[in-house]
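What follows is a single structure, written as structure tokens, with notes after it.
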Amino acid sequence: MLSERQKENEGKEEFLEFVFKELMAISKGTCTLDEEAFEKANNQDQLQVLEGLIYLNEDIELYKAELDAKMVALEKKNEELAQFNYIASHDLQEPLRTVTSFSKLLAKENKDVLNETGLEYLDFILQASERMQQLIMELLDYSRIGRDKVLMDIDCNRVVELVLLDMSARTNEDNAQVEIGELPTIKGYKMEMRQLFQNLLSNALKFSKKDETPRIKISSQREDSHWLFKIEDNGIGIAERHLHKIFGIFQRLHSRKKYEGTGIGLAHCKKIVEIHNGEIWVDSEKGKGSTFYFTIPFNY
Amino acid sequence: MVRLNCILLIDDDEPTNYLNKKLIREAGCADYVVTKESGEEGLDYLVSCAEGAGTLPELIFLDINMPAMNGWEFLDEYRKLDESIQSEVLLVMLSTSLNPDDRKRAESMEEVAGFINKPFNMVTLDEVLEDYFKN
């Protein structure tokens with residue numbers, strides 16, 4: 001025969017087990033607690049615990065529903081934005097192509113009827129429309145990053161090798177010294193990773209000092225939850241007051257005459273790193289080279 | 001129409017400077033039109049004027065969105081220039097920006113006399129001259 005005390009203890013244990021089980025269910029979102037559960041309570045305190053559980057579950061379900069609704073709205077907005085970008089870029093291309101094509105025709109077929117000023121105007125039109133075409137293409141590329149892509153194992157040594165092969169004409173011409181450390185194999189998006197290395201390496205070369213051999217060092221190290229990549233150069237560097245804006249879309253620090261390009265390269269890099277759940281940043285001082293860092297988590 | 005001695009245009013876009021210079025020339029409202037393609041070049045020019053190497057402009061049209069030193073950053077540096085320069089110069093922002101925050105920001109600044117949207121035309125040029133230089 002169980003004593004009263006033993007019975008009471010068993011009741012307590014059983015109740016605790018029940019509460020624990022329900023708490024687990026609440027956290028998983030599978031809790032079906034209702035007032036019928038009050039029968040499980042052996043005293044006033046336990047009744048209050050059960051009431052608390054029911055309120056907790058209701059609150060959490062409410063929050064979850066709100067969160068779900070926000071998520072759906074956000075996904076829709078995102079989709080809309082991507083669509084908008086795509087359509088805007090495409091629809092803009094057509095009239096622009098007309099401007100470019102007819103200016104080219106004018107330059108080719110009617111050159112002799114234009115005076116010097118006329119030719120100057122035409123040149124402005126051609127240059128501006130070509131630049132606009134470039135801007136639109138790059139905006140389109142930006143919106144496409146990470147869309148419908150498949151994750152795969154990527155040997156970064158191989159990626160860097162291929163990128164450098166592509167750039168070899170430039171590196172040879174500049175007599176650049178490129179040092180590559182041991183790089184890991186990561187899980188990621190292949191085209192994007194290639195573009196990331198491509199942009200960072202071509203920047204390192206593009207913004208080199210005129211009177212110094214460009215030296216670029218690519219390395220990586222294993223950290224707690226991610227790989228840390230490092231791309232160092234001995235180029236012209238970046239002044240501190242500009243550091244915050246270099247990853248923005250179409251941000252440029254120099255006139256187009258000095259360095260060509262639309263200023264989207266680093267914005268691409270940031271987006272690529274971010275779709276891999278990593279981070280990108282830079283350490284630099286004007287005249288003292290730049291070091292770009294980015295991380296790629298192990299379990300992406 | 002009012003006639004000024006010198007107007008300075010600061011804009012990184014060469015065709016824009018070209019057009020605005022042409023407009024001012026055709027309006028015949030300034031003896032000299034100086035164009036600079038960056039904030040730094042604009043500042044350097046103003047400093048050189050103070051040293052007697054150039055004609056100090058009575059009016060500056062300043063673009064906002066420029067590489068390296070944008071219009072706002074230009075103003076930060078402009079403020080540090082000698083009082084004798086600032087007191088002679090009237091500064092108007094000339095921008096493509098339709099963002100009302102930019103207009104508000106410009107209007108809140110003591111150094112900025114006005115804010116106008118591109119494209120610049122004879123009517124807006126005339127308004128600026130009438131508003132600020134009539135007397």
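Note that the structure is a prediction, hence the values are computed from the model and not measured. Chain A is the first sequence line, chain B the second, and so forth, proteins listed ahead of strands; every chain is numbered from 1.
- A cation-pi contact, defined as under 6.0 Å to the ring centre and within 45° of the axis, is absent between A/K206 and A/Y259.
- Contact annotation for A/H242: only side-chain heavy atoms (C-beta onward) come within less than 4.5 Å of a heavy atom of chain B.
- Ring pair A/H268/A/Y142 is parallel by interplanar angle, where below 30° counts as parallel and above 60° as perpendicular.
- Two rings, from A/F207 and A/H254, have their centers less than 6.0 Å apart.
- The aromatic rings of A/Y121 and B/Y18 stand perpendicular to each other, their planes meeting at an angle above 60°, with 30° marking the opposite boundary.
- Neither the backbone nor the side chain of A/F250 comes within less than 4.5 Å of any heavy atom of chain B.
- Only the side chain of A/E120 comes within contact range of chain B, with heavy atoms under 4.5 Å apart.
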